[in-house]
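Throughout, a chain's letter reflects where its sequence line sits, starting with A, and its residues are numbered from 1.
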There are 2 protein chains.
Amino acid sequence: MLKNMNFIEKLRETGLRPTKQRVKICEILFNRDKTFHFTINDLAKKISEELNEKISLATIYNTVHALKNKGYLKEISINSDKSYFDTNTSVHHHFYDEDTQQLIDCDENEIETVNVKKNITGKKINSVEVLVRVASNNHNQN
Amino acid sequence: MLKNMNFIEKLRETGLRPTKQRVKICEILFNRDKTFHFTINDLAKKISEELNEKISLATIYNTVHALKNKGYLKEISINSDKSYFDTNTSVHHHFYDEDTQQLIDCDENEIETVNVKKNITGKKINSVEVLVRVASNNHNQN
DNA sequence: TCAACAGTTTAGAATAATTATAATATATAA
DNA sequence: TTATATATTATAATTATTCTAAACTGTTGA
Ligand SMILES: [Mn+2]
Ligand SMILES: [Mn+2]
Ligand SMILES: [Zn+2]
Ligand SMILES: [Zn+2]
């Protein structure tokens, strides 16, 4: 699902009915240049700012989960108290700014491939991801 | 805070009154050979199994947070819906078994030091941690 | 075209983890 | 021992998320 797409067709192909709520949410999420990292609350705020019509919070949850299940969004756990979603669904690394609570994607060339030497019997590795926590120099512990 | 310690003295040194609830919780958490990864619910269950007296859930939360604030426990976010705590407070890597939802510590020698080539202006790196998600070969997607 | 049906949206209730409250109890300093 | 600051507790409140059930809408095929 890329920028400036016909989300009506895209949703249909995916097996999701292109309701106007879903099309709007797709436009907000995917019509942008850079990866978008957001919480449900961020998205709800953006919807109420950019749209005249309200979309029910339940629909926002439903749609985000539907898009996640179809592979267009990825869920990221950083804080225990809220869930982040990511329009970059590939396995990738993040910087997490502890001051602003913002996630920043890390390009492949910015972190050397992580070499995992251990393996757990009977289990296969699904992903290897790095989280780099950053903050201003004045230490404010979390 | 190590195995077989005098937790009464240890708590006092830390500036925490050694109440019998806190001493009991410390015994459960720290009198063990290996790192302990747990949720509040895990700990509450263990307390009710191993003890005759009940400890209020609020006290369990209070104590775990007090120990975290004093640097004896570390909080780990893997799932958005529950918080893990870790008796290993060092910066270290984890395997996460998606089948059993168990965390496993990764020794330093099991993952090569991660080389972060990017830096964010005005921010210093607090930690670099790797999460390796593993599951059985029969793919059950999360 | 349009009725019928399945899938969707919605407000509000329910749930679950966590935190706050405020009364009671306890540890410790004087 | 007494006074005081802290801690424990039951319970209420909060917050993120999910559920429910009724109303609504996209799609299909007569
Ligand atoms: Mn939480
Ligand atoms: Mn949650
Ligand atoms: Zn990302
Ligand atoms: Zn650990």
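Annotation: side-chain contact (heavy atoms from CB on, under 4.5 Å) contacts of Asp105(B) (sequence neighbours excluded): Thr35(B), His37(B), Asp86(B), Asn88(B), His92(B), His94(B). Residues satisfying the side chain to side chain donor-acceptor pair (under 3.5 Å) test with Asp42(B), not counting sequence neighbours, are Thr39(B). Listed by chain and residue number, nothing satisfies the ring pair (Phe, Tyr, Trp, His ring centres under 6.0 Å) test with Tyr84(B) (two or more places apart in sequence, or in another chain). In terms of the side chain to side chain donor-acceptor pair (under 3.5 Å) criterion, Glu110(A) has no residue partners (sequence neighbours excluded). Considering only residues two or more places apart in sequence or on other chains, Asn62(A) meets the side chain to side chain donor-acceptor pair (under 3.5 Å) condition with none of them. For Lys24(A), the side-chain contact (heavy atoms from CB on, under 4.5 Å) criterion is met by Glu27(A), Leu51(A), Ile55(A), not counting sequence neighbours. Remark: Tyr96(A) pairs with no residue by the ring pair (Phe, Tyr, Trp, His ring centres under 6.0 Å) rule, at least two apart or across chains. Not counting sequence neighbours, the partners of Gln102(A) by the side-chain contact (heavy atoms from CB on, under 4.5 Å) test are Thr100(A). With sequence neighbours excluded, the residues forming a side-chain contact (heavy atoms from CB on, under 4.5 Å) with Lys20(A) are Glu53(A), listed by chain and number.
Heavy atoms of Asn41(A) sit nowhere under 4.0 angstrom from any nucleic acid atom.
In this entry the distance linking CG of Asn62(B) with P of dA17(C) reads 18 Å, nearest Å. For the pair Phe38(B) CZ and dA17(C) P, the computed distance is 16 Å after rounding to whole Å. For the pair Lys82(B) NZ and dT15(C) C1', the computed distance is 15 Å after rounding to whole Å. The distance from atom CG of Asp81(B) to atom C1' of dT18(D) is 12 Å, rounded to the nearest whole Å. Atom CG of Leu11(B) and atom C1' of dT8(D) are 15 Å apart (whole Å). Rounded to a whole Å, the CD atom of Glu9(B) is 15 Å from the P atom of dA27(C). Ile60(A) has its CD1 atom 17 Å from the P atom of dT8(C), to the nearest Å. Between Ile40(B) atom CD1 and dT19(C) atom C1' the separation is 12 Å, expressed in whole Å.
If one axis is set at each end of the helix from dT1(C)-dA30(D) to dA30(C)-dT1(D) from five pairs, those axes are 20° apart, to 10°.
Within the 4.0 Å cut-off from OP1 or OP2 of dT26(C), not a single side-chain nitrogen or oxygen of Gln21(B) is found. The shortest distance between the side-chain N/O atoms of Tyr61(B) and the OP1/OP2 oxygens of dT18(C) is below 4.0 Å. One finds a side-chain N or O of His65(B) lying less than 4.0 angstrom from the OP1 or OP2 phosphate oxygen of dT19(C).
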Do nucleotides 20-30 of chain D as a string where each nucleotide becomes B, S or -: B if the base has a protein heavy atom under 4.0 Å, S if just the sugar-phosphate does, - if no protein is that close. -----BBS---

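Atom SG of Cys106(A) and atom CG of Leu131(A) lie 10.0 Å apart (nearest 0.5 Å).
Other residues, nucleotides and ligands contribute only 12 or fewer heavy atoms inside 6.0 Å of the NZ atom of Lys34(A).
Listed by residue number, the members of residues 42-57 of chain A with any heavy atom below 4.0 angstrom from DNA chain C are Lys54(A), Ile55(A), Ser56(A).
For the pair Arg22(B) and Glu75(A), nearest-nucleotide mapping onto DNA chain D gives the more 5' position to Arg22(B).
For the pair Lys46(B) and Glu49(B), the salt-bridge criterion is not met [side-chain N within less than 4.0 Å of a carboxylate O].
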